[in-house]
Protein chains: 2
Amino acid sequence: MIRNDSVKPRRTRMSRADRERQMLDVAEEVFAERGYGAVSMEEIAELVGLSKPMLYEYFGSKEGLLLGVIRRARGELREVTERAVEVGGTPEEMLRRGYIAYFRFGEAHHRAWLVLLQEPVLVRSAAEEIEGIRRQQSEMMVGLLAAHLPDRPRRALEAYAESVIGACERMALWRARNPEVTPEEAADHLMDLTWTGLATLNSSGGSA
Amino acid sequence: MIRNDSVKPRRTRMSRADRERQMLDVAEEVFAERGYGAVSMEEIAELVGLSKPMLYEYFGSKEGLLLGVIRRARGELREVTERAVEVGGTPEEMLRRGYIAYFRFGEAHHRAWLVLLQEPVLVRSAAEEIEGIRRQQSEMMVGLLAAHLPDRPRRALEAYAESVIGACERMALWRARNPEVTPEEAADHLMDLTWTGLATLNSSGGSA
DNA sequence: ACTAGTAACTTACCAGCGGTAGGTTACCGT
DNA sequence: ACGGTAACCTACCGCTGGTAAGTTACTAGT
């Protein structure tokens, strides 16, 4: 049988792990670029250079694929922020370093970032999965706050943690619209709000 | 021709405005309950008691329907918070009243609320629409802050506003998981964080 | 070097969804 | 009584997510 590689190019077979990473890369890019709903599985498969059923073998469903993308990105983010916080120092320094790490991650992985911030709540079945990761994020934050505010009830600390995370996410989105703002600057603004507080901000210096 | 009303019940014809409101009510409930992706237009039409093309005549597309739900809810929310802030008083009072109004709205319209917070990210066009409304939200917040912090550059005020909005949204989601937290309590926590600031929080009283 | 096994990959299909064209029915003004 | 029009329906289409069943290429054992 004659092979015509120019029409049907030789598909290089890959190991499970490599293929999976490649699929996630493609999905991440295209979800971020055009949105989950606007991209078909067929199209993703074509971009990867495979046929659709392969995606389903690896991820089970379209939701599963999105979930894979989100999980990977969240994992990397968690690693980065935790490392930044675990250096130690005063609570203020830790908080600030955490903020900076968070925004730097957004800069470096900015495609993954968009997916992470914009798509997660979509998937109903993924809600629990996401919830777990969030709880980790929140736990870390609560731990940090507990060291600094030992007298506060845990409920209050949870509320602070949740609010801080929300502020971070929104700030990251704002930064995406204002790319000239550096991670350090963004962190300064957040420190002004969450650390110094609006009350004392008009008398003290704060960020420029 | 013989009419059998028990099989095909008499559909009460309604005026444009009434039908539209009814459609939005149904869509809001079912989107919140099961998620945008898990509900078909056919099903919504059936719940309304009409056939599918009617939905398309009114809203153009499924996205359009979601957009309608979101727009209505956002409009109501904006109205409520603006009214709460426009009463005047010190910046601190205004901010606190704004928070409370925000969380009270979440309690009163809690189905609409879930749609509002969770679904926009899914649909691209909806996300853009939302962005506009958010900008209004942000504008209002910047105005409030500008009165209190006249010396800050506008860029910083924008950053604060954005962060505060993010904190609110996240806090609302947290409250959905902890229903025993009252709107006033949630507002107190947010005031602790954004007004008093974490730095001064361990020495001053703050919320219980 | 030949075969057997298996893991990677494909073609070909389906049900159900969003969306639409074109016809039908009930209400209103005259 | 009778158009006219606005509300409404039936019947269809193309495409998408998802799957069953078969094919191809790499690998290990002899």
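For the numbers below, each heavy atom of this structure counts, side chains included, while hydrogens, waters and symmetry mates do not. Naming: A, B, ... by sequence-line order, numbering from 1 per chain.
Residues satisfying the salt bridge (Lys or Arg N to Asp or Glu O under 4.0 Å) criterion with B/Glu139, sequence neighbours excluded, are B/Arg154. The ring-ring contact (aromatic ring centres under 6.0 Å, His included) search around A/Trp174 returns none, not counting sequence neighbours. For the salt bridge (Lys or Arg N to Asp or Glu O under 4.0 Å) test, residues two or more places apart in sequence or in another chain that qualify with B/Glu43 are B/Arg34. Remark: B/Glu86 engages no residue in a salt bridge (Lys or Arg N to Asp or Glu O under 4.0 Å) (not counting sequence neighbours). Remark: B/Glu46 engages no residue in a salt bridge (Lys or Arg N to Asp or Glu O under 4.0 Å) (not counting sequence neighbours). Partners of B/Pro91 according to the side-chain contact (heavy atoms from CB on, under 4.5 Å) rule, which considers only residues two or more places apart in sequence or in another chain, are B/His148, B/Trp195.
Note that the CE atom of B/Met171 and the CD atom of A/Glu162 stand 8.5 Å from one another [nearest 0.5 Å].
Atom CG of A/Leu55 and atom C1' of C/dT10 are 13 Å apart (whole Å). The distance from atom CD of A/Glu57 to atom P of C/dT10 is 11 Å, rounded to the nearest whole Å. Remark: C1' of D/dA6 and CE of B/Met14 are 15 Å apart, rounded to the nearest angstrom. Rounded to whole Å, atom P of D/dT23 lies 20 Å from atom CG of A/Leu50.
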Between protein and nucleic acid, restricted to nucleotides 17-19 of chain C and to nitrogen or oxygen atoms under 3.5 Å apart, what atom pairs and distances do you find?
residue, atom, partner, partner atom, Å
C/dG18, OP1, B/Lys62, NZ, 2.7
C/dG18, OP2, B/Met41, N, 2.8
C/dG18, N7, B/Lys52, NZ, 3.2
C/dG19, OP2, B/Tyr56, OH, 3.3
C/dG19, OP2, B/Lys62, N, 2.7
C/dG19, N7, B/Lys52, NZ, 2.9
C/dG19, O6, B/Lys52, NZ, 2.6

Identify the pairs formed between an N or O of the protein and an N or O of nucleotides 21-24 of chain C at a distance under 3.5 Å, and give each distance.
none

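Not one side-chain nitrogen or oxygen of A/Arg19 sits closer than 4.0 Å to the OP1 or OP2 atom of C/dA7.
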Only pairs under 3.5 Å count here: list side-chain donor-acceptor contacts from residues 23-32 of chain B, not counting sequence neighbours, and write none if there are none.
residue, atom, partner, partner atom, Å
B/Asp25, OD1, B/Arg72, NH1, 3.2
B/Asp25, OD1, B/Arg72, NH2, 3.0
B/Glu28, OE1, B/Arg72, NH2, 3.1

